[in-house]
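Working notes, structure below.
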Protein chains: 4
Amino acid sequence: MRSHPDLPTEPNARIGRPRSAEADRAILAATRAALVELGWSKLTMGDVATRAGVAKTTLYRRWAGKSELVVDAVAVLFDELELPDLGSLVADVEAMVLRFAALLERPETRTAMMAVVAEATRDEALRKRIRVAIVDRQKVLVLQGRARAQARGELPYERDPVTAAHNADLIFDVIAGAVVHRTLVSAEPVDPAWARRFTRLLLHGASAVTPRP
Amino acid sequence: MRSHPDLPTEPNARIGRPRSAEADRAILAATRAALVELGWSKLTMGDVATRAGVAKTTLYRRWAGKSELVVDAVAVLFDELELPDLGSLVADVEAMVLRFAALLERPETRTAMMAVVAEATRDEALRKRIRVAIVDRQKVLVLQGRARAQARGELPYERDPVTAAHNADLIFDVIAGAVVHRTLVSAEPVDPAWARRFTRLLLHGASAVTPRP
Amino acid sequence: MRSHPDLPTEPNARIGRPRSAEADRAILAATRAALVELGWSKLTMGDVATRAGVAKTTLYRRWAGKSELVVDAVAVLFDELELPDLGSLVADVEAMVLRFAALLERPETRTAMMAVVAEATRDEALRKRIRVAIVDRQKVLVLQGRARAQARGELPYERDPVTAAHNADLIFDVIAGAVVHRTLVSAEPVDPAWARRFTRLLLHGASAVTPRP
Amino acid sequence: MRSHPDLPTEPNARIGRPRSAEADRAILAATRAALVELGWSKLTMGDVATRAGVAKTTLYRRWAGKSELVVDAVAVLFDELELPDLGSLVADVEAMVLRFAALLERPETRTAMMAVVAEATRDEALRKRIRVAIVDRQKVLVLQGRARAQARGELPYERDPVTAAHNADLIFDVIAGAVVHRTLVSAEPVDPAWARRFTRLLLHGASAVTPRP
DNA sequence: GCATAAACGAGACGGTACGTCTAGTCTTACT
DNA sequence: AGTAAGACTAGACGTACCGTCTCGTTTATGC
């Protein structure tokens, strides 16, 4: 398999017939639809092409394989994630957790995420693609949330930028990890009650969830 | 696909040539080896059979498919996870996190876990198998850890058994989720420093990681 | 493409499931049918497989490609060529020419022969296959015809076996070549009148066809 | 496929940019080169275009497909065939046979001829093109040869023009057929010895090749 | 000298077939 | 009955060409 066509080589990007933007849209939409109906493992390139009303070659001209295509197709779904402003850190985190969980309930996201991550364990390029297309999109929300909480006076300002980055990363992994694990591995619902308990744990620690009388 | 051969039907288990236990071991070992070399998506039943010096039929007589085989092959790896007793809850959690992360660094675990989870999003039977073979094995450790901490007086006893169960589940999802996410999605190492920061967050909350001067 | 699977490797020909003779017959029949309907260039392996009610792999397990398959499929048609015994060399040759022409009129033979020969100009193995499967089958008829004519006293016995072989080859190329060329290149019919003129030319030379009064 | 572009439609042939004669030459040369290297079946329009330093569109503007292109590319090779005048019919025929055989030894002619003929069995238009471009070019030689032999008194004049035409056609099919069959089907060389034996057969018949003592 | 009209290069497009691979089943003969 | 071997159906894979199309550019003429 060729590494990653994807980006048209810049220098001679002006000559020849230009790529159809219409096709791009149709393919990504078809991919999401197929993902919902069939799941990752039964989704085939040929089927996506047919649904999109496009030739298989047109897919392969843009994406190197199933993984790359699905990452791009699913990435846009994460754009709808926005940080709510409910006036307090607790409320914001709870709402955020619920929104993220709702996204993971959707069948196209469910399978896609884990499958793509699994595939990425063997493929650095794919890992980077996931980071750029999905992970970084979410990480921004943590940074926004912290900034807002600091502005409200709910969190202190961290002087050392390295420590600040570390903390943001840590909190991001804890939130995303817990929600993903609960939803996909434990396979149990993230409901408002769970979100409340989780938020309390996140903000005040394990000792806070079973408060000493 | 036949549902799940797996266990030899009990009644007539005595007649005919008995199944080779040697074959079982060889197959599982071959599966792990193939997983390391090829990763989930390029691992094939035929290849595993060849490596194990066994006919494909023999595989299908014992497992219904790739997913089931891999789950069983990988499950034993989780048996080596044991809760250390280092005298304090903090030390125990930190050590546990590091051991779990070390397990996830190993290539056979890396790919297998996520891939199998991805596959399971569409398959309730597989989900159950994962729960029994892998998830529950880990969850026990959380319960052990809590019991030990309660014995030491580091954690209060929870009266309500429902609440107790909820809390154990929550803490399990947070620990496992954070480590898995850090390792496989963020693709960054779980080193002692991260383990320390994470443990502090887990026990005392977000406010504790950037302590107010 | 692997060179030429075709013959099952002899040594271990006893173990495993034996090849289906039924499939062989169905495939060759389907190939001839497809050849009639579609012609060489539009005949596809996939289509033949479908017609034969067989998987594509089953074709490729036996034949290396289209050319090899078609040669074998068409070869049997040449088995029906038999030397008539009409009592005289002239009558025998005329009848033979007409039968051979009739064979070449059939659509499956028409395209197949030339196309396969064309393909063979680049492929020694294929050339050999054609020789064994088709050419030698026809050459025998020339030898039979000569022997019969010699027995009748219509032709002298040639003492030198090398000269005898040369002559047989020459006559074979002239008969087969003329009929093929007339039929496929000049694209004109080989009717009894042409057969009579040709036979006179063959037996008595160019000067005999326009006899001096 | 559009029927046969080939000739620029006459009416508006004067306006717009004229077709490049340079391109025509380059394409035909490239076709012959590709034919030598790759043979008919592996020759592709795209490859010919690249070799000729020309866009694929430029090919399709002139020829309807591979067959048409190859016929034209190969046809010129037959122009070099000329009837030698060695003073006697026997010598002329022998020389002619050797020249024709030499032409068929050349790889571009070898494959092209048979492949194109094979293709033509399903395509009347292509058949006509072959007749005009190749076959008729050769047939003239037979007519020339006969006229010369008649002038020399080696052959009688045929009164009936229909019979004369029939005879010319017959002799043409026998000569061309025998040489082509010997070269491409029997895959054996046409050397001077064979040419001598063939000529004797052609002029005096089968009884002459193994002369009665 | 400037518009017109066709040819040109490049390359994307919808298709079709290729030959390979894997899944999971079935058929032999052997253990 | 279990087993190794290997043939079987089914269907996806990624590639290669086909012949067409759509660009932007070039090159003749004719007004």
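Here is the naming used below: chain letters follow the sequence lines, and residue numbers restart at 1 for every chain. Every value quoted in this text rests on a predicted model; they were computed, and no experiment measured them.
Checked against salt bridge (charged side-chain N to carboxylate O under 4.0 Å, His left out), D:R127 has the following partners two or more places apart in sequence or in another chain: D:E124.
Residue whose closest nucleotide on DNA chain F sits further toward the 5' end, between B:G53 and C:A55: B:G53. Of the residues near DNA chain F, A:T57 and C:S20, the one whose nearest nucleotide (by heavy atom distance) lies more toward the 5' end is C:S20.
Side-chain to base pairing of A:K56 with E:dG15: no donor and acceptor N or O lie closer than 3.5 Å to each other. Not a single donor-acceptor pair, N or O on each side, falls under 3.5 Å between the base of E:dC13 and the side chain of A:R17.
Residues of residues 111-119 of chain D that place a heavy atom closer than 4.0 Å to DNA chain E do not occur.
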For residues 114-122 of chain A, tabulate all N or O donor-acceptor pairs below 3.5 Å that involve a side-chain atom, not counting sequence neighbours.
from, atom 1, to, atom 2, distance (Å)
A:E119, OE2, B:S41, OG, 2.8
A:T121, OG1, A:A118, O, 2.6
A:R122, NH1, B:E37, O, 3.2
A:R122, NH2, B:V36, O, 2.4

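Distances shorter than 4.0 Å separate none of the side-chain N or O atoms of C:R19 from OP1 or OP2 on F:dG6. A:R61 has no side-chain polar atom (N or O) that falls below the 4.0 Å cut-off from OP1 or OP2 of F:dA16.
Rounded to a whole Å, the CD1 atom of D:I15 is 9 Å from the P atom of E:dA7. Spacing between atom CZ of B:R51 and atom P of F:dA4 amounts to 17 Å, rounded to whole angstrom units.
B:T44 comes within 4.0 angstrom of the backbone, heavy atoms only, and of no base.
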